[in-house]
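Notes to accompany the following structure.
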Number of protein chains: 2
Amino acid sequence: MTYTIGKVAEMMGLTTHTLRFYDKEGLLPNVSKAKSGVRQFTDADINWLMMLECLKSTGLQLKDIKHYINLLKKGNSSLVERAEMFKEQKIKCQQEIKALKQTMKKLDFKIRYYEEALKHGEENVFKNKELVRERDKLFKLNKVRISK
Amino acid sequence: MTYTIGKVAEMMGLTTHTLRFYDKEGLLPNVSKAKSGVRQFTDADINWLMMLECLKSTGLQLKDIKHYINLLKKGNSSLVERAEMFKEQKIKCQQEIKALKQTMKKLDFKIRYYEEALKHGEENVFKNKELVRERDKLFKLNKVRISK
DNA sequence: GAATAACCTAAAGTTCGCTTTAAGTCAAAT
DNA sequence: ATTTGACTTAAAGCGAACTTTAGGTTATTC
């Protein structure tokens, strides 16, 4: 049993445009076409699309996924490289989380700043010494050295 | 005392191109120019640049920062809106962190998958029932319903 | 005073992941 | 039989945040 591109788009929550774009980019290696040119998606194609979505959700770029497809085609001999891909990706992901946590601290500071400003007026915010300390801790850019 | 664009670029870890780009986009409201056209950055400009970097690091887009500049110009009457900006941004940041943590789980699964594949061969990975459960938990796309 | 380095503007190019447009074919429903 | 709707390709467009290129002026240094 096969599915038209429209059905698949509906199932996957993508547009037909996106699916054709993926196909054009070589991200749908096994989708066959009728003589009329109409794409015929099989269950295996749907499964691959789910894997594609999964790979996307791990933060891989489309070109990385293309590379991954090539590794898959090589079979067993690419196992190590595939494993490495995900380990690298994990490191990137960890770094991003760390950066976002730092961002959260800055946002919390800003939110407290504006609470204070709304209560006591913006000109009085830094009479609150805790906020001053917080500001100095969070926003002093270590790379910047203002000369003299 | 003023700084040339090159010095500022060096201090801030940006390129001169980026600084001119920011200026063109209206993100450096107070930078003055000599009659020759050369930009003269003051300490106040450096401080604003640090704030700019801070705002960027909170995940704000340049157009949001431009909007923020306009709010600053309005002074006191924009306090509430400015406060709202950061609260919204905090929510976005929280959501991003949540998504990345989910991503981490998927990556950990993939890494375990490849550990197992390297140990026992790719064809035997899902003889490990824990990995099967993990896969089903993480990768079953709820939106997909394969008919029949 | 001439070479070189740093500055200037304006505009086009880049990357990513699509989305949109244009122009057309094909199959089903009325 | 014709209209509607889903499919096709190919190519251009989009938004974000720069980067690069081109062509030119100014400032510093030998």
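Within every chain, numbering begins at 1; the chains are lettered A, B, ... in the order of the sequence lines, protein sequences first and strands thereafter. Computed from a prediction, not measured in an experiment: that's the story for all the values here.
- The phosphate of dC18(C) (OP1 or OP2) has a side-chain N or O of Y22(A) nearer than 4.0 angstrom.
- Distances shown here put a side-chain N or O of K56(A) below 4.0 Å from the OP1 or OP2 atom of dC18(C).
- Note that NZ of K87(B) is 12.0 Å distant from CG of D108(A), once rounded to the nearest 0.5 Å.
- Residues R112(A) and E115(A) are not paired through a salt bridge, judged by the lack of any N-O separation under 4.0 Å between the basic side chain and the carboxylate.
- With dC7(D), dA16(D), dT19(C) as the choices, the nucleotide that has an atom nearest any side-chain atom of V38(A) turns out to be dC7(D).
- As rounded to whole Å, 10 Å separates atom P of dA17(D) from atom CD of E25(B).
- Put simply, CG on L55(B) is 13 Å from P on dA17(D), counting in whole angstrom units.
- Here the closest non-hydrogen pair linking L118(B) and A83(A) is CD1-CB, 4.3 Å.
- Within the structure, ring-ring contact (aromatic ring centres under 6.0 Å, His included) contacts touching residues 101-131 of chain A (residues at least two apart or in different chains) are F109(A)-F139(A), Y113(A)-F126(A), Y114(A)-F86(B).
- Dashed line: the shortest gap from a side-chain N or O of K24(B) to OP1 or OP2 of dT19(D) is not under 4.0 Å.
- Considering only the side chain of K63(A), dC16(C) comes nearest among dC7(C), dC7(D), dC16(C).
- Shortest non-hydrogen contact noted between K110(A) and C54(B) is CE-SG, 4.5 Å.
- Sequence order on DNA chain D of the closest nucleotides to L62(B) and A34(B) puts L62(B) first from the 5' end.
- Computed from coordinates, the I65(A) CD1 to dC18(C) P distance equals 9 Å when rounded to whole Å.
- Taking only side-chain atoms of T18(B), from C-beta outward, the nucleotide of dT19(C), dG17(C), dT19(D) with the closest atom is dT19(D).
- Distance, H17(A) NE2 to dA10(D) P: 16 Å, rounded to whole Å.
- Per the geometry, CG belonging to L60(B) stands 14 Å off C1' belonging to dA16(D), to the nearest Å.
- Atom CZ in F21(A) sits roughly 15 Å away from atom P in dA10(D) (whole-Å rounding).
- One finds a side-chain N or O of K33(A) lying less than 4.0 angstrom from the OP1 or OP2 phosphate oxygen of dT9(D).
- When rounded to the nearest whole Å, the span between CZ of R39(B) and P of dC7(C) equals 10 Å.
- Q61(B) comes within contact range of the sugar-phosphate backbone alone, with a heavy-atom separation under 4.0 Å but no base atom that close.
- When heavy atoms are screened at a 4.0 angstrom cut-off, R20(B) is found touching base atoms of the nucleic acid.
- For the pair Q40(A) CD and dA6(D) P, the interatomic distance rounds to 19 Å; values are reported in whole Å.
- Two residues, S36(B) and T4(A), neighbour DNA chain D, and the one matched to the more 5' nucleotide by heavy-atom proximity is T4(A).
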